[in-house]
Amino acid sequence: MRHHHIRKSLLALTLTGAALLTSCKSHQPMAEAGTDVSRLYRQADTLVTDTTTIADTPWQTYFADANLKALLTEGIEKNLNLQIAQTRIQQAEASLSMARGANLPTLALAAQGSHTRLSNGADGTKVLGYNYSTNFQLGFVASWEMNLWGKLSSQTKARYASFLSSYEYRNLIQTNVIAGIAKAYYALMALDEQLRITTETVELLRQSAETMQALKDAGQTTGAAVEQSKALLYNTQLSIATLQSQIRQQENAICVLLGRAPGAIERSSIIAQTDAPQLNHGVPAQMMALRPDVKQAELSFRAACELTNVAQASLYPTFTLSTASLGFASGELADFFKPANIAANIAAGISQPLLYKRQLKGNLMIAKAQQQEALLTFQSTVLTAGQEISDILYGYQASLSKNELRNRQIASLTTAVDFTQELLRAGEATYTEVLNAQQSLLQAQLSRVNDRLEQLNFSVSLYKALGGGVR
């Protein structure tokens, strides 16, 4: 029953390709998209009917951290990739305006003057001396191609789809920028927390090394124990420099996303981050409805359909008003603007491609192949989107399931460190047991930070995968 519900819910989305094929009114019959809609979403066991989706939540509301909000605002305003995307919108808008203008007549103001002289060919003595004439013209000249077979309108529709696609491209870049800044910000705070834990551990290891030295002086342990404890201390101290370098690099990476020179980043702590909100993703049919890449692939397919219509219409006759003029024409400037000198001319024609027909048919074959390519790209985009969302949802739940076990692990290792130190003082444990417990505790604490970072990243990834961050 659940599989049937999924299949029904996704039908509107996954058969968009078939609907597009019909709406294109292409001269070639089109097949349906052919995607198995029942397999796009691999969460049938956790099927929901709630239509609420986090993609509808503005990013200003979705992200609660004030410092992160400030960075996102700066990134959206100054990110260079977003500015590049904006220039593409301007280019597409100009291209659309040109396509719409092709449906209208062209009109120009033209002025022309001519003077002609002929020679007397009989005696050859009067070169350019006979039969001369002077003519002046001023007026409007127009031309127009009739929109037969819908060629010009299809060109306009293709440009309009490209224009809309440029907006979706910008939306795609914006979602990437928001996700990139948020993930980089969380990663920076995770490094801060790992540095704090490591610094505290260094102090504990220093105390442990001093304890080992005191036990050696008392004859309760060996010099090897002292040197091993110092080696662990030094190794942990070395990791501090690595973490500090990573922090500096992460700050610089965020600055690049913000479109600014490298510098410090204001931030809070990863501990202060609230738990990820309820990751509502809506019913399956909603899950890809707002994704810019899916919408962009759909628009590219629409444009390809219209260009196929243009290539098909190019095989048919073209009717053009090649020249239409209205103005004044006279051989004398003094009488130029008299009503008697008003002149009009009109010329129209119809042409049917003959010798160019093979080339035009080749263009049509190319257009049809490009249309099929656009359809396959749309199908691939939908399938990839379904995989991405499914992976994120499962990965997030799997990551959450580690929290309780990780906390138990750290609690047990903390107790183990205390016990082994007491046993070592009592002579009932070896120094290797103490060192192993301390090292295991440090790794578990660092892993817990990574778990938290992973969960925050999953919340960002799902928000992006559902098309959030555009509004």
Side-chain angles (χ1 to χ4, degrees), residues 63-68 70-72 74-75 179-212 227-258 260-276 395 399 402-403 405-414 416-418 421 434-461:
F63 298 102
D65 189 294
N67 291 319
L68 177 56
L71 294 176
L72 292 174
E74 182 179 356
I181 293 175
K183 288 185 177 181
Y185 180 77
Y186 292 145
L188 180 59
M189 292 190 298
L191 289 171
D192 288 340
E193 182 64 14
Q194 290 177 340
L195 179 60
R196 184 191 68 80
I197 292 172
T198 303
T199 302
E200 291 180 354
T201 302
V202 164
E203 183 58 31
L204 295 176
L205 292 177
R206 183 179 289 110
Q207 296 174 7
S208 179
E210 293 173 355
T211 300
M212 291 289 187
E227 296 305 320
Q228 285 285 355
S229 62
K230 288 181 179 180
L232 179 58
L233 170 63
Y234 300 148
N235 182 68
T236 307
Q237 287 176 323
L238 286 171
S239 65
I240 289 179
T242 301
L243 288 170
Q244 290 173 335
S245 177
Q246 291 174 343
I247 288 173
R248 179 64 65 91
Q249 294 175 15
Q250 193 68 19
E251 286 182 320
N252 292 343
I254 293 176
C255 288
V256 171
L257 291 173
L258 300 178
R260 64 155 108 148
I265 297 295
E266 293 292 331
R267 55 190 181 273
S268 57
S269 67
I270 197 168
I271 297 176
Q273 300 304 304
T274 58
D275 290 336
S399 183
K402 295 188 292 185
N403 289 344
L405 292 175
R406 186 73 71 189
N407 291 334
R408 290 180 181 178
Q409 179 191 28
I410 291 175
S412 296
L413 288 172
T414 301
V417 169
D418 295 336
Q421 289 177 336
V434 175
L435 298 179
N436 288 337
Q438 292 173 331
Q439 191 171 19
S440 296
L441 176 59
L442 173 60
Q443 293 301 320
Q445 290 173 325
L446 296 178
S447 295
R448 181 164 62 181
V449 175
N450 288 331
D451 292 342
R452 180 61 178 152
L453 175 62
E454 182 182 60
Q455 290 155 22
L456 290 171
N457 283 341
F458 272 128
S459 69
V460 175
S461 295

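Below, all heavy atoms of this structure are taken into account, side chains as well, without hydrogens, waters or symmetry copies.
Minimum heavy-atom separation, Ile270 to Tyr186: CD1-O, 4.3 Å. Across all their heavy atoms, Leu453 and Ala190 have their closest contact at CD2-CB, 3.9 Å. Closest of all the heavy-atom pairs between Leu191 and Leu243 is CD2-CD2, 4.1 Å. The two residues Ile254 and Ala184 make their nearest non-hydrogen contact at CG1-CB, 3.5 Å. Closest heavy-atom contact between Gly263 and Cys255: N-SG, 3.3 Å. Taking every heavy atom of both residues into account, Phe458 and Ser399 meet most closely at CE1-CB, 4.1 Å.
Looking at Leu413 and Val417, their side chains never come closer than 4.5 Å, going by heavy atoms from C-beta outward. With a 4.5 Å cut-off on side-chain heavy atoms, Ser440 and Gln409 do not count as touching. Between Ile410 and Arg406 there is a side-chain heavy-atom pair separated by less than 4.5 Å. With contacts defined as side-chain heavy-atom distances shorter than 4.5 Å, the pair Thr198/Leu446 qualifies. Contact check for Arg448 versus Arg452: no side-chain heavy atoms found under the 4.5 Å cut-off. Residues Tyr185 and Ser268 meet the side-chain proximity criterion, which asks for heavy atoms closer than 4.5 Å. Contact annotation: the side chain of Asn67 never approaches that of Ile265 to less than 4.5 Å [non-hydrogen atoms, C-beta and beyond]. Two residues are said to be in side-chain contact when any heavy atoms from C-beta on lie closer than 4.5 Å; Gln438 and Leu435 meet this criterion.
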### Task
List the steps, then state whether side chain to side chain donor-acceptor pair (under 3.5 Å) holds for Thr211 with Gln421.
CA-CA 9 Å; Thr211 300; Gln421 289 177 336; over 6 Å; no
### Task
Show your reasoning for whether side chain to side chain contact (heavy atoms under 4.5 Å, CB included) applies to Gln228 and Met212.
CA-CA 10 Å; Gln228 285 285 355; Met212 291 289 187; over 6 Å; no
### Task
Let me see the working for Arg206 and Glu210 under salt bridge (Lys or Arg N to Asp or Glu O under 4.0 Å), right down to the final yes or no.
CA-CA 6 Å; Arg206 183 179 289 110; Glu210 293 173 355; 5.7 Å; no
### Message
If you apply the rule side chain to side chain contact (heavy atoms under 4.5 Å, CB included), what do you find for Glu200 with Glu203, and how did you get there?
### Response
CA-CA 5 Å; Glu200 291 180 354; Glu203 183 58 31; 5.8 Å; no
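Here Leu257 contributes atom CG and Asn252 contributes atom CG; the two are 11.5 Å apart, rounded to the nearest 0.5 Å. The distance from the CD atom of Gln455 to the CG atom of Asn403 is 4.0 Å, given to the nearest 0.5 Å. Note that the CD atom of Glu454 and the NZ atom of Lys402 stand 4.0 Å from one another [nearest 0.5 Å]. Interatomic distance, CD1 of Ile181 versus CG of Leu258, reported as 5.0 Å (0.5 Å rounding). Put simply, CE on Met189 and CG on Asp192 are 8.5 Å apart, with the number rounded to the nearest 0.5 Å. Atoms OG and NZ, from Ser459 and Lys183 in turn, are 9.0 Å apart once rounded to the nearest 0.5 Å.
The backbone N or O of Ala231 lies less than 3.5 Å from no partner atom in the side chain of Asn235, so there is not a single donor-acceptor pair. Checked by atom type and distance alone, the side chain of Ser245 never pairs as donor or acceptor with a backbone atom of Ala241 at under 3.5 Å. Proximity of a side-chain donor or acceptor of Ser239 to a complementary backbone N or O of Thr236 within less than 3.5 Å is detected.
Annotation for Arg248: atom CZ does not count as buried by contact number, only 12 or fewer foreign heavy atoms lying within 6.0 Å.
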